[in-house]
Amino acid sequence: MNRRADYDQIAPTFNRRYERREYAGAERALREFVGDLSVLRVLEVGCGTGHWLNVLSADKENVMGLDFSFGMLARARTTLPTMALIRGTAQHLPLPSSSVDRVFCINAIHHFPDKPAFLREARRILRPGGRMLTVGLDPHAGRDRWHVYDYFEESLEIDKQRYPSSEQLHKWMVEAGFKDYATREVEHWVNHLPAHEALKQGRLDQAVTSQLSVLTDNEYRRGMERIRRDIERAEQEGKTLFLTTDLRLYGTTASV
């Protein structure tokens, strides 16, 4: 089964994640990674609606974004009208060899169908001394707890197929010709939200996160039924059901 999210459909509501959750750690890691923008050429792969490009700078001519989704790029162009935004795939980056200084992707590599090919392409377009950064979950580490994994029982195994472990990333980076690879935790979210509030706020809508959007309609329906059943059981006992988020993002860097 093709477990890919349709980001043309998700695009209109995608930025809600940045309203509901702070990404201070990821932003700090990105700024530290990029360094002096005035002397570097930077590419974000999987730029989506342009959130992280906006974090860096909306008017820098040497900053570029690439995404495959027409819908996401259309959203990005509304806030980044002068930036170079390219439609393309991660495994075939449409840029010359040795043409950029930094390549990064945040919460995106799990969507790339050929991750080793992306890393080879990133290595190809980076200049000597260039660096790359990828930020994302690592469900293989076994340190996270998340109501999505608790109630939508297929989602954890799907994520283990979509997300590479840190060890796998390191292996692919070496094979692609990178060196000095390192992984560290850059973000840790902890939240306990009443389930009825989560429903009211639309936090369990299927388009909210790719973990839900890649589920079949039946898989999603079964998970929602479990949540509603547990809400009802808790209320009968005079209690409140809380949904737990205890998630970590890891940043992996490597050099040319």
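Sequence positions, counted from 1, serve as the residue numbers for this chain. The figures here come from the full heavy-atom set of this structure, side chains too, leaving out hydrogens, waters and symmetry mates.
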Hits for side-chain hydrogen bond (donor to acceptor under 3.5 Å, both in side chains) against R228, two or more places apart or cross-chain, chain-then-number order -> none
Q) With no hydrogens and no angle check, is any side-chain donor or acceptor of Q206 less than 3.5 Å from a backbone partner on L212? A) yes
Residues passing the ring-ring contact (aromatic ring centres under 6.0 Å, His included) test with F152, sequence neighbours excluded, are Y220
So salt bridge (charged side-chain N to carboxylate O under 4.0 Å, His left out) across residues 137-149, not counting sequence neighbours, yields R143-E185, D144-R248, R145-D150
- Message: Is it the case that the side chains of T244 and H192 hold a donor-acceptor pair, with the cut-off being a distance below 3.5 Å and no angle test?
- Response: yes
Hits for side chain to side chain contact (heavy atoms under 4.5 Å, CB included) against P116, two or more places apart or cross-chain, chain-then-number order -> D114, R120, W172
Distance col, row L249:CG vs I106:CD1, nearest 0.5 angstrom, shows 9.0 Å
inquiry  = Keeping E187 on the side-chain end and A26 on the backbone end, is there a donor-acceptor pair under 3.5 Å?
reply    = yes
Next item on the list: For the pair R203 and L243, evaluate side-chain contact (heavy atoms from CB on, under 4.5 Å) and give the outcome as yes or no after the intermediate values.
Entry: CA-CA 11 Å; R203 291 176 180 253; L243 301 182; over 6 Å; no
Separation between OG (S99) and CZ (R124), nearest 0.5 Å, reads 7.0 Å
(message) Could you walk me through whether T245 and V190 satisfy the side-chain contact (heavy atoms from CB on, under 4.5 Å) test, starting with their C-alpha distance in whole Å, then the side-chain angles of each, then the deciding distance to 0.1 Å, before giving a yes or no?
(response) CA-CA 5 Å; T245 298; V190 178; over 6 Å; no
TODO: Given side-chain contact (heavy atoms from CB on, under 4.5 Å), test L119 with K115 step by step and report yes or no.
DONE: CA-CA 6 Å; L119 293 171; K115 299 166 185 64; 5.6 Å; no
Only residue of F112, F68, F104 satisfying ring-ring contact (aromatic ring centres under 6.0 Å, His included) with F118 is F112
Shortest non-hydrogen pair, R162 vs S210, comes out as NH2-OG, 3.0 Å
Value for CE (M132) from OG1 (T253), rounded to nearest 0.5 Å, stands at 9.5 Å
Of all heavy-atom pairs linking V208 and G202, the shortest is CG2-O, 3.1 Å
Quick check: does any side chain N or O of H140 sit under 3.5 Å from a backbone N or O of K160, one acting as donor and the other as acceptor? yes
What one should report as the nearest heavy-atom pair of L30 and W52 is CD2-CE3, 3.9 Å
Lys NZ or Arg CZ of R102 over F33 ring: under 6.0 Å, within 45°
yes
Tightest non-hydrogen contact, residues C47 and D67, listed as N-OD2, 3.3 Å
ring-ring contact (aromatic ring centres under 6.0 Å, His included) filter on H170, not counting sequence neighbours, yields Y181
inquiry  = Under 6.0 Å between ring centres: does that hold for Y23 and W189?
reply    = yes
What one should report as the nearest heavy-atom pair of Y163 and H110 is OH-NE2, 3.2 Å
Q: Indicate, with yes or no, if I227 and Y149 share a hydrophobic cluster defined by side-chain heavy-atom contacts under 4.5 Å among Ile, Leu, Val, Met, Phe, Trp and Tyr.
A: yes
So the side chain to side chain donor-acceptor pair (under 3.5 Å) pairs with at least one residue in residues 84-96 (sequence neighbours excluded) are none
